[in-house]
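Below: one structure, written as structure tokens.
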Protein chains: 2
Amino acid sequence: MARKQGSHSDITGPKVREAALRLIARHGYAAVSMRQIAAEVGVQAGALYNYTPDKQSLLFDLMHDHMSALLAAWSNVDTAGPALLRLQAFTGFHIRFHLPRADQVFVSYMELRNLNPENFAVIESLRHRYEDALEDILRAGEAEGVFAVADTRVTTMAVIAMLTGLSNWYRHDGRLETDVIEAIYWDLVRKAVTA
Amino acid sequence: MARKQGSHSDITGPKVREAALRLIARHGYAAVSMRQIAAEVGVQAGALYNYTPDKQSLLFDLMHDHMSALLAAWSNVDTAGPALLRLQAFTGFHIRFHLPRADQVFVSYMELRNLNPENFAVIESLRHRYEDALEDILRAGEAEGVFAVADTRVTTMAVIAMLTGLSNWYRHDGRLETDVIEAIYWDLVRKAVTA
DNA sequence: CATTTAACTGAACGCCTGTTCATTTGCCAA
DNA sequence: TTGGCAAATGAACAGGCGTTCAGTTAAATG
């Protein structure tokens, strides 16, 4: 047999990406084979090459889509107003965007070293743009006099690490709702940077 | 030819572990082959099995040694006195211990999913003990009334993520000396948790 | 209903994987 | 100087890897 009942690229395509994301998040890019991904989808390995030119592109696309979606979503958040409100918006946005996307976050932060140099440069520049969004807010707050940090760039990295680290241990069936988490982290971030 | 000039287990053993650590930190456990490690050491792949029963044990030993060294070093730090001083000691210790060990940190935090279940449980419990050290300090500070955090466990995880994230971007040839970094992070941590 | 086309199979390609082991070599102690 | 042992070699094992492609089948088109 060859083509299966009900098969269609609009169905199989997304399934390939979902399976790849889940498996790579679980076991890592190098540890997951194209045959494993294919088995998860329910096809033979060769069929995957209708949807990606190669394994590397599959990883890159997953990471690129995540970063693009992140930046697109952030661009829809209101960034006017006083720095304190902007920082609160950033903190809340970051948590609400990342918490439901544990697999994407995991892959995007753990598999950087498995990107080839060109792909790495692309992802790195997207990540940099996101970091800069936070850094801009911190600088604005310093200009306003409401923030006081020893080093703006270091603080940017520290805050992002703190927020992103959340994805490594947060469990949706755990003790704390998203709203509560958001409040706790906003408390920490606000106190850490305000004058 | 077989045995090489000057070869000795006291020399080759450490070299195997150093090569494995460097390569795994760079490319990931699954992406590094025993033959690559052997080539780095300057022996054939079979010779590695004089120093490790298998590849999995090699990874586990690297991570176990790192966590053991971390806990041993922490146990030598004075943990008496007021909570604020203890927290400062923890922050400084964490940074000074981790900054010169970028490869170990990378491997210990990125390769957890490549440990088999038994090995994972061991490493996880060591990590937990380290987290608890910080949590104890935070609770002591709350009892003293000098700290005020919304949730102690979440704050513990947030602070550790912030501190550990430093290893992901810090460069020894960069703009900032260790002392400066330490001061910046202490400023952030102190403000975030104090009442 | 006939034809085209998109989707998939299954086998094959050359190469790499972790691990084992008989064999060889070089160092050290007697 | 000679034996014993530690420390390697290098070939082999069975299996998995990413990727390609001629052939087959189901769905879409006219």
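In the text below, chain A, chain B and the rest are named by the order of the sequence lines, each starting its count at 1. Quantities reported herein were computed from a predicted structural model and do not represent experimental measurements.
By the 30° and 60° cut-offs, the orientation of the rings of A:His94 relative to A:His98 is parallel. Ring geometry for B:Phe93 versus B:Tyr130: interplanar angle of 30 to 60°, hence tilted.
Here B:Glu18 does not pair with B:Lys15 in a salt bridge; the nearest charged N to carboxylate O distance is not below 4.0 Å. With respect to A:Asp136 and A:Arg86, no salt bridge is recorded, no charged nitrogen being found less than 4.0 Å from a carboxylate O. Salt bridge annotation for B:Arg153-B:Asp132: present, with a cationic side-chain nitrogen under 4.0 angstrom from a carboxylate oxygen.
Between A:Met34 atom CE and C:dA12 atom P the separation is 21 Å, expressed in whole Å. Here the P atom of nucleotide D:dC17 and the CG atom of A:Leu23 are 12 Å apart, to the nearest Å. Rounded to a whole Å, the CD1 atom of B:Ile37 is 10 Å from the P atom of C:dT19. Note: CD (B:Gln44) to C1' (D:dA6) measures 18 Å, nearest angstrom. Protein atom NZ of B:Lys15 is 9 Å distant from nucleotide atom P of D:dA8, rounded to whole Å. As rounded to whole Å, 10 Å separates atom C1' of C:dC16 from atom CD of B:Gln36.
A heavy-atom distance below 4.0 Å to DNA chain C is reached by these residues of residues 47-59 of chain A, ordered by number: A:Ala47, A:Asn50, A:Tyr51.
Put simply, B:Thr12 has a side-chain N or O that comes within less than 4.0 Å of OP1 or OP2 on D:dA8. Contact check, B:Ser33 against C:dT17: a side-chain N or O comes under 4.0 Å of OP1 or OP2.
The base of C:dG18 sits within donor-acceptor range of the side chain of B:Arg35, with an N or O pair under 3.5 Å.
With A:Phe106 as the aromatic partner, A:Arg26 does not meet the cation-pi criteria of under 6.0 angstrom to the ring centre and within 45 degrees of the ring axis.
When each of C:dT9, D:dT19, C:dT17 is scored by its nearest atom to the side-chain atoms of A:Ala45, the top-ranked nucleotide is D:dT19.
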